[in-house]
Amino acid sequence: MCGIVGYIGESQAAPILLDGLSKLEYRGYDSAGIAVYDGENIRVQKAVGRLKVLSELTHDGATMPGISGIGHTRWATHGAPSNDNAHPHYNQTETIAVVHNGIIENYLKLRKRLEQKEYQFLSETDTEVVAHLLDYYYKGDPVETITKIMHRVEGSYALGIIFKDHPGKVYAVRKDSPLIVGHGKDGNLIASDVPAVLKYTREVYFIQNEEIAVLTKENIGFYNVDGEEIQKESTTIDWDINAAEKGGYEHFMLKEMYEQPRTVRDTLNPRIKDNKIVIEELGMSDEEIQAIRKIHIVACGSAYHTGVTAKYIFEGMARIPVEVDLASEFRYRNPILGEEELVIIISQSGETADSLAALREAKAKGAKTLGIVNVVGSSIAREADKVMYTWAGPEIAVATTKAYSAQLVAEYLLAVKFAQVRGKITEEEVGGFLKDLQKLPEQIEMLLGNQEKIQHFANRYIAAKDVFFVGRGIDYAISMEGSLKLKEISYIHSEAYAAGELKHGTISLIEEGTLVAAVVTQEELYKKTISNIVELRSRGAFVLAVTNAGNQEIEKAADYVLYIPQTNKYFTNSLAIIPLQLFSYYVSVGKGCDVDKPRNLAKSVTVE
Ligand code: M6R
């Protein structure tokens, strides 16, 4: 996720671009850049780091005179944060500049073709192909050129473009990435999100997929993919400027929960090609995958919980032994590692001190290492032998939701891939798994639509003192995450327990009315968990069950039931966690807690 802006009007563009970008920093903040037409040329200035570095470099825009320009705040996807990879990107003759939010999925193919036509690339980004492609098709008419590239580029994009030949105009186009146009009194603007323009105007056009906008000082024209002019209605924004940064959501956590369908899609789609799983970044031959003797998954917190789920899947599906360790324990137990072991380090931030230390320990002992990381160019991403990125975008809320979901999906893909290469599943089974995986985003969306029912239920537990989460197998892993979500943002004491283990001590804590959330998604374990539910209820527990659609049996045992749609037994975590995230969120809101910044916690734990 990145943020783009653009301006043309009566005022100096650079300060307005920088101000707009400051409202979009939540979308990315590893580097930033602006391009301004200075009356003769398009000048570009970029800086690595937060936006304030660029602001200082340009004296708040004063060193970049001109009344039209575009800007970008980056969250690296293709290529680490660096000056070369920061946007805007030029064509070779520096007569076109482009900023981009999204992912060009066929950029490698396009890059190869352009290189054959003598185009030279200065960055590792997918965006630079757009600048050269525009150059290649440009015959003097920008709209015609943009429509041509729209037919050739696959993936998602919101683009801001300026052409030296058309100095009085800013161009924009989108597909599957957000883009709005603001109609101001002394100029017009483009942006990835409304907050970037609210200081200048409240009259906004929401650009739809495959629509092009052409901005001049006074006017805005809209075109379709065939270059035909279209009419659009503007909307008057009446939100509060602070709320707008969260896209109208009350908290970043809520916004990020609602981003999960996109996150899952973005992590899956680029790795499924012609009904096959292609994880190019894995860089392992089939022989190397077959030679793996054991997998170690090492992580902290929620990332560790996804690892616990992955253990069940790798072992069940690919029949590879898996050990899962908390990173803070791993290095101190002197793990037995060698070159036939694969150590997978999972981390959203890529900077968690214990996970990084575990990675170094694994490398020192000669194991192969793979990072599953969200932040491109982070320490774990740089130091692991290979890295598989989760495309969740920046996660602002301390409590992880969308990065967690993206990690799960990355692990599913790896497990299916390994199972297939090791001959443990048939092609037909792979097809079935892929079908189920591709349904997940829609199913998550459906579950998120059920928030009112969960909010209502959560309101009853605002005063709870203890809550238990129980399950068996993968359901136990889901319970661990459900429990962590609740305790970290609502400060209610909560524990996750393997359902069968309760009677070995913990059941003595159950009192009249104690809430127990039972996760029951593994069909072969239904009966066993239902017996545990019965034991709990007979000691006074109030049991909320989260189970698969169709498991009506459970209604006789539990007090309250939430259903998730049918999916493969290995992927239920991605669905069952949604109501549990919503439950924690609404309990926290009901208690008046600081949802996005819970006490005593930091987003990235960089000390051991
Ligand atoms: O950045 P990482 O994924 O390495 O962080 C690991 C944990 O600190 C993190 O998952 C933490 O448990 C979350 N706040 C939970 O919501």
Side-chain angles (χ1 to χ4, degrees), residues 30 75 251-257 259-260 263 267 297-310 324-331 343-360 369-384 387-411 469 477-492 494 496 573 577-578 580-585 587-588 593-608:
D30 59 43
W75 176 261
H251 298 100
F252 278 110
M253 183 182 171
L254 189 63
K255 175 170 180 280
E256 287 159 5
M257 281 194 277
E259 282 171 3
Q260 289 177 110
T263 295
T267 305
I297 301 180
V298 187
C300 301
S302 299
Y304 167 79
H305 298 155
T306 71
V308 178
T309 302
V324 195
D325 276 84
L326 289 164
S328 52
E329 294 293 317
F330 182 70
R331 57 197 290 229
V343 177
I344 305 178
I345 309 282
I346 307 168
S347 175
Q348 185 285 129
S349 62
E351 301 294 348
T352 303
D354 286 316
S355 304
L356 185 58
L359 167 66
R360 290 176 180 159
T369 57
L370 169 70
I372 296 183
V373 178
N374 195 40
V375 179
V376 174
S378 56
S379 304
I380 294 173
R382 284 197 316 270
E383 292 191 29
V387 56
M388 183 173 175
Y389 285 113
T390 49
W391 300 124
E395 198 176 52
I396 309 290
V398 165
T400 181
T401 51
K402 62 174 182 170
Y404 170 87
S405 285
Q407 286 163 357
L408 281 175
V409 163
E411 290 161 88
F469 290 76
I478 304 170
S479 302
M480 290 165 108
E481 178 60 8
S483 169
L484 179 63
K485 280 288 88 74
L486 181 69
K487 72 181 95 165
E488 73 178 324
I489 61 170
S490 75
Y491 319 142
I492 292 175
S494 135
N573 191 342
I577 197 60
I578 304 296
L580 299 183
Q581 290 172 345
L582 286 167
F583 172 72
S584 305
Y585 172 77
V587 171
S588 174
C593 299
D594 188 345
V595 178
D596 287 335
K597 291 196 194 86
R599 69 185 180 205
N600 308 339
L601 293 175
K603 183 68 185 160
S604 179
V605 184
T606 52
V607 287
E608 284 191 40

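Position 1 is the first residue of the sequence, and the numbers go up from there. In listed order, ligands and their atoms are each counted from 1.
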A.B. asks: In the protein, what heavy atom is nearest to atom 10 (O) of ligand 1, and what distance, to one decimal place, separates them?
C.D. replies: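 Scanning the protein heavy atoms, the shortest distance from atom 10 (O) of ligand 1 goes to Ser302 N, 3.1 Å.
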A.B. asks: Check for a donor-acceptor pair, side chain of Ser355 on one end and backbone N or O of Glu351 on the other, with a separation under 3.5 Å.
C.D. replies: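 No.
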A.B. asks: Got the closest protein heavy atom to atom 8 (O) of ligand 1, with its distance?
C.D. replies: Val605 CG2, 4.2 Å
A.B. asks: Atoms of ligand 1 less than 4.0 Å from Ala303 heavy atoms?
C.D. replies: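 So the answer, numbered in order with elements, is 3 (O), 10 (O).
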A.B. asks: Does the side chain of Gln348 pick up a donor-acceptor pair with the side chain of Thr400 at under 3.5 Å?
C.D. replies: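 Per modelled atom types, Gln348 and Thr400 side chains form no pair under 3.5 Å.
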A.B. asks: Determine whether a donor-acceptor pair (N or O, by modelled atom type, separation under 3.5 Å) exists between the side chain of Glu481 and the backbone of Ile478.
C.D. replies: no
A.B. asks: For ligand 1, note which part of Glu351 has a heavy atom under 4.0 Å away: side chain, backbone, both or neither.
C.D. replies: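 No part of Glu351 comes within reach of ligand 1.
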A.B. asks: Considering only non-hydrogen protein atoms, determine which one is nearest to atom 3 (O) of ligand 1 and report residue, atom name and distance to 0.1 Å.
C.D. replies: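 Answer, as residue, atom name and distance: Gln348 N, 2.6 Å.
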A.B. asks: Would a distance-only check, ignoring hydrogens and angles, find a side-chain to backbone donor-acceptor pair under 3.5 Å from Ser584 to Leu486?
C.D. replies: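 Such a contact is found between Ser584 side chain and Leu486 backbone.
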A.B. asks: Is it true that a side-chain atom of Asp596 and a backbone atom of Val398 form a donor plus acceptor pair closer than 3.5 Å?
C.D. replies: no
A.B. asks: Would you mind reporting whether Trp391 and Val376 have side-chain heavy atoms less than 4.5 Å apart?
C.D. replies: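 Yes. Closest side-chain heavy atoms under 4.5 Å.
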A.B. asks: Which heavy atom of the protein is the closest neighbour of atom 16 (O) of ligand 1, given with residue, atom name and distance?
C.D. replies: Glu488 OE2, 2.5 Å
A.B. asks: Checking a contact table here: which protein heavy atom is nearest atom 6 (C) of ligand 1, and how many Å away?
C.D. replies: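 Nearest neighbour among protein heavy atoms for atom 6 (C) of ligand 1, to 0.1 Å: Cys300 O, 3.4 Å.
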A.B. asks: Does ligand 1 have an atom that lies less than 4.0 angstrom from a heavy atom of Lys485?
C.D. replies: yes
A.B. asks: Under 4.0 Å between a Lys/Arg side-chain N and an Asp/Glu carboxylate O for Arg360 and Glu383?
C.D. replies: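 Yes, Arg360 and Glu383 are salt-bridged.
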A.B. asks: Numbering the atoms of ligand 1 from 1, which are under 4.0 Å from a heavy atom of Ala399?
C.D. replies: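 Listed by number with element: 16 (O).
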A.B. asks: Pairing donors with acceptors under 3.5 angstrom, does anything connect the side chains of Gln407 and Thr390?
C.D. replies: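 No donor-acceptor contact under 3.5 Å links the two side chains.
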A.B. asks: Among all the protein's non-hydrogen atoms, which is closest to atom 14 (N) of ligand 1, and how far away is it?
C.D. replies: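 Among all protein heavy atoms, the one nearest atom 14 (N) of ligand 1 is Val398 O, 3.0 Å.
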A.B. asks: Just to confirm my output: which protein heavy-atom neighbour is closest to atom 1 (O) of ligand 1, and how far is it?
C.D. replies: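 Closest protein heavy atom to atom 1 (O) of ligand 1: Ser349 OG, 2.7 Å.
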A.B. asks: Counting both backbone and side chain atoms, is some N or O of Gly301 under 3.5 Å from an N or O of ligand 1?
C.D. replies: no
A.B. asks: Any donor-acceptor pair under 3.5 Å linking the side-chain atoms of Glu411 with those of Thr309?
C.D. replies: no
A.B. asks: Could you say whether the N/O atoms of Ser355 and ligand 1 ever approach to under 3.5 Å?
C.D. replies: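 By distance alone, the answer is no.
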A.B. asks: Which residue and non-hydrogen atom of the protein lie closest to atom 5 (O) of ligand 1, and at what distance in Å?
C.D. replies: Thr352 OG1, 3.5 Å
